[in-house]
Amino acid sequence: MALSNSEIADLFDQLAELLDIEGENPFRVRAYHNAARTIRSYPKSLAEMVAADEDLTELPGIGEAIAKKIETIVRTGRLPQLEQVLKRTPKSLLELLRIEGLGPKRVKTLFYLLKIKTLEDLERAARSGRIRELPGFGPKTEELILNHLQKHALQEKRFLRFEAESVAEAILAHLKGCPGLDRIEVAGSFRRWKETVGDLDILATVRDGGEVMARFLAYEGVEEVLSHGPTRSSVRLKNGLQVDLRVVPTESFGAALQYFTGSKAHNIALRTLAVKQGLKINEYGVFRAGERLAGATEEEVYASLGLPWIAPELREGRGEIEAALENRLPKLIELADLRGDLHCHTDATDGQDALEAMAEAAKALGYEYLAITDHSKRLTVARGLDEQRLRRQMEQIDALNEKLQGIRLLKAIEVDILEDGSLDLPERVLKDLDLTVCSVHYQFHLSAKKQTERILRAMDNPYFNILAHPTGRLINQRQAYEIDLERIMQGARERGCILEINAQPERLDLNGEHCLMAREIGVKLAISTDAHSALGLNLMRYGVAQARRGWLSKDQIVNTRPLRELLRLLKRA
DNA sequence: GCCGTTTTCGGCCCGACTGTTTTCAGTCG
């Protein structure tokens with residue numbers, strides 16, 4: 001199996017971090033990190049690009065030297081420069097960098113002066129009081145290190161954005177109504193709709209000082225205050241989530257919101273553009289020779305650089321600034337574009353609510369249609385439907401459609417893809433449905449080749465419409481199964497099949513990176529909630545966000561189409 | 001090591017907070 005982009009990127013990140021510890025030119029170090037970031041988020045397989053002899057220097061941040069290194073990695077699986085560095089500087093130093101408060105300079109000091117190579121070495125030295133004697137260190141740093149070593153063992157995890165959402169709401173509710181508070185907004189990766197967040201960045205503007213900062217530090221969920229100043233404080237909550245609050249003057253709100261929304265890569269690209277235009281951007285505004293040009297709104301910050309406003313979901317440093325300069329930013333899909341949901345469950349299998357309740361909830365969301373996709377018989381734990389029970393549900397749906405006003409239920413099924421690539425129900429019943437959603441629910445461990453062929457074979461069935469949660473991953477719980485997604489997308493496009501963007505917050509499958517790939521390949525997609533209750537239909541926004549992160553507009557998403565057009569699309573052959 | 005409206009050399013984002021310092025380096029986001 002060829003190396004994945006993310007494995008290649010890891011090698012460059014390792015090389016960069018080790019060279020940083022060695023004191024290498026920081027710009028060279030940054031170049032490797034930049035390349036790693038480009039590689040990790042690139043929608044096409046670099047291994048395949050090398051095999052096809054494509055020019056890698058076309059990629060941003062990849063020049064002659066790094067392109068050559070990538071070729072070597074792809075052909076040999078090794079990066080000789082990294083192996084050279086590892087002879088001098090042990091790989092275990094990278095663990096030390098993960099400790100908060102330890103960066104390359106301090107790790108270098110620890111290694112050269114105390115021969116500290118591992119976390120165990122570090123702990124021993126800290127306990128015996130040798131750290132505080134080092135130049136640039138002191139008793140406080142030593143204590144900090146011991147504290148962080150303990151927490152490090154607990155393993156820091158990233159929170160689902162969905163989990164962080166309720167935390168953010170609670171904190172905002174706590175701060176709202178505070179004297180002097182003007183505006184307040186969550187920025188950071190939360191605002192960019194990343195699937196997980198490492199912390200929450202909250203931004204506030206205040207009139208005449210205000211008491212917001214004090215009120216924030218007094219929030220009942222705070223476990224520990226990590227740092228505090230007049231404009232910026234950090235706390236760790238009892239649930240482990242870190243929250244930062246920044247306070248800026250009202251006239252700087254836009255500049256600060258832009259700045260604290262990031263991403264880091266986006267901001268670097270934006271500031272580089274500003275420097276070229278003789279401007280300086282910071283969180284207080286855009287300046288030319290000390291004169292303030294913009295800052296109150298994000299729109300004017302971008303406009304002062306000759307750019308249209310860029311949606312937060314696009315701000316990942318994937319060429320969005322170049323696209324904005326050339327006026328070719330996509331018109332992103334919006335929640336309101338969706339006319340229906342194509343994946344949900346009822347109490348016939350493992351859902352909580354009855355058909356009618358699901359229909360009413362969909363209608364309340366303004367949908368035109370809702371596909372009922374209960375499980376098929378192989379999924380016995382969910383009491384999956386056999387042909388007879390499915391036929392009965394189809395009759396119920398027909399009867400309900402007679403009665404319902406303003407919403408049409410579609411007869412459908414979430415049918416299991418069996419190990420040999422056949423579907424769990426016979427064609428004679430599938431053909432009577434409006435659509436099928438097809439899923440892999442077992443045999444996750446097959447080789448990439450076998451898993452890919454299993455799915456492609458399933459797509460050969462003329463009644464295969466939508467591939468549900470295509471990679472099977474569960475965030476923080478289960479890895480994606482091995483699969484050649486590029487081949488699957490191409491196969492789906494050729495056969496007129498559709499891939500799902502599953503909006504369940506712990507799935508988000510496809511995710512933003514996959515959506516970029518889908519955009520490039522041109523395969524049709526559906527955004528579906530996979531709701532197991534009427535309330536669950538509300539999670540559509542999470543799927544839409546991933547589509548937006550993948551630069552998608554509504555024309556590639558089938559459930560933005562009116563019913564008649566959708567049904568036509570679903571008829572294959 | 002990358003890159004080019006400063007174009008093949010000489011730049012490379014910018015500020016807050018902390019701790020160790022007496023004016024600043026390191027880290028972080």
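Residue numbers begin at 1 in each chain, while the letters A, B, ... track the order of the sequences.
Applying the ring-ring contact (aromatic ring centres under 6.0 Å, His included) definition to pairs two or more places apart or across chains, those involving residues 165-196 of chain A are A:His174-A:Tyr219, A:Trp193-A:Tyr542. Within the structure, the salt bridge (charged side-chain N to carboxylate O under 4.0 Å, His left out) test picks out the following pairs touching residues 136-150 of chain A (sequence neighbours left out): A:Arg132-A:Glu142.
Note on A:Lys69: only backbone sugar-phosphate atoms sit closer than 4.0 angstrom, heavy atoms only; bases stay farther off. Using a 4.0 Å heavy-atom cutoff across all strands shown, A:Leu270 reaches no nucleic acid atom at all.
Among A:Met213, A:Glu283, A:Arg232, the single residue meeting the side chain to side chain contact (heavy atoms under 4.5 Å, CB included) criterion with A:Arg246 is A:Arg232. Considering A:Leu181, A:Val248, A:Val247, A:Val212 as possible partners of A:Thr205, the one that fulfils the side chain to side chain contact (heavy atoms under 4.5 Å, CB included) test is A:Val248.
Here the nucleotide nearest the side chain of A:Lys276, chosen from B:dG4, B:dG29, B:dG1, is B:dG4. Checking B:dG29, B:dT27, B:dC13 against the side-chain heavy atoms of A:Val275 singles out B:dC13 as nearest.
In this structure, A:Ala168 and A:Val186 approach most closely via the heavy-atom pair CB-CG2, 4.1 Å. Summarising the geometry of A:Val167 relative to A:Asn239, their closest heavy-atom pair is CG2-ND2, 3.6 Å, with the distance given to 0.1 Å.
Using atom C1' as the reference point in both B:dC13 and B:dC3, the two lie 16 Å apart (nearest Å). Using atom C1' as the reference point in both B:dT20 and B:dC14, the two lie 23 Å apart (nearest Å). Between B:dT6 and B:dG11, the distance separating the two P atoms is 14 Å to the nearest Å. Spacing between B:dC12 and B:dT18 at atom C1', rounded to whole Å, works out to 27 Å. Here the separation of B:dA16 from B:dT22, taken at their P atoms, is 23 Å to the nearest Å.
Listed by residue number, A:Tyr259, A:Lys264, A:Ile268 are the residues of residues 251-269 of chain A with a heavy-atom contact under 4.0 Å to DNA chain B. Against DNA chain B, the stretch residues 20-27 of chain A makes heavy-atom approaches under 4.0 Å through A:Asn25, A:Phe27. Non-hydrogen atoms lying under 4.0 Å from DNA chain B are contributed by A:Lys280, A:Ile281, A:Asn282, A:Glu283, A:Tyr284, all within residues 279-287 of chain A.
Nucleotide B:dC9 is matched to B:dG4 when pairs are restricted to Watson-Crick or G-U wobble geometry with both distances under 3.5 angstrom.
Residues satisfying the ring-ring contact (aromatic ring centres under 6.0 Å, His included) test with A:Tyr32, not counting sequence neighbours, are none. With sequence neighbours left out, the salt bridge (charged side-chain N to carboxylate O under 4.0 Å, His left out) criterion links A:Glu326 to A:Arg328. Partners of A:Arg124 according to the side-chain contact (heavy atoms from CB on, under 4.5 Å) rule, which considers only residues two or more places apart in sequence or in another chain, are A:Glu120, A:Asp121. Shown here are the salt bridge (charged side-chain N to carboxylate O under 4.0 Å, His left out) partners of A:Glu506, two or more places apart in sequence or in another chain: there are none. Remark: A:Arg292 pairs with no residue by the side chain to side chain donor-acceptor pair (under 3.5 Å) rule, at least two apart or across chains. Under the ring-ring contact (aromatic ring centres under 6.0 Å, His included) criterion, A:His469 pairs with A:His441, sequence neighbours left out.
At a threshold of 4.0 Å, the pair A:Arg98-A:Glu17 counts as salt-bridged, since one of the basic side-chain nitrogens sits closer than that to a carboxylate oxygen. The residues A:Arg315 and A:Glu298 are annotated as salt-bridged, a charged nitrogen and a carboxylate oxygen being separated by less than 4.0 angstrom.
Atoms CZ (A:Arg98) and P (B:dT27) sit 13 Å apart, rounded to a whole Å. What separates NE2 of A:His148 from C1' of B:dG26 is a distance of 14 Å, to the nearest Å.
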Output a table of nitrogen or oxygen pairs between the protein and nucleotides 17-23 of chain B separated by less than 3.5 Å.
from: B:dC17; atom 1: OP1; to: A:Thr231; atom 2: N; distance (Å): 3.3
from: B:dC17; atom 1: OP1; to: A:Thr231; atom 2: OG1; distance (Å): 3.3
from: B:dC17; atom 1: OP1; to: A:Arg232; atom 2: N; distance (Å): 2.9
from: B:dC17; atom 1: OP1; to: A:Arg232; atom 2: O; distance (Å): 3.3
from: B:dT18; atom 1: OP1; to: A:His228; atom 2: N; distance (Å): 2.9
from: B:dG19; atom 1: O3'; to: A:Thr141; atom 2: OG1; distance (Å): 3.2
from: B:dT20; atom 1: OP1; to: A:Gly138; atom 2: N; distance (Å): 2.8
from: B:dT20; atom 1: OP1; to: A:Gly138; atom 2: O; distance (Å): 3.1
from: B:dT20; atom 1: OP1; to: A:Pro139; atom 2: N; distance (Å): 3.3
from: B:dT20; atom 1: OP1; to: A:Lys140; atom 2: N; distance (Å): 3.3
from: B:dT20; atom 1: OP1; to: A:Thr141; atom 2: N; distance (Å): 3.3
from: B:dT20; atom 1: OP1; to: A:Thr141; atom 2: OG1; distance (Å): 3.2

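Within the 4.0 Å cut-off from OP1 or OP2 of B:dC13, at least one side-chain nitrogen or oxygen of A:Arg30 is found.
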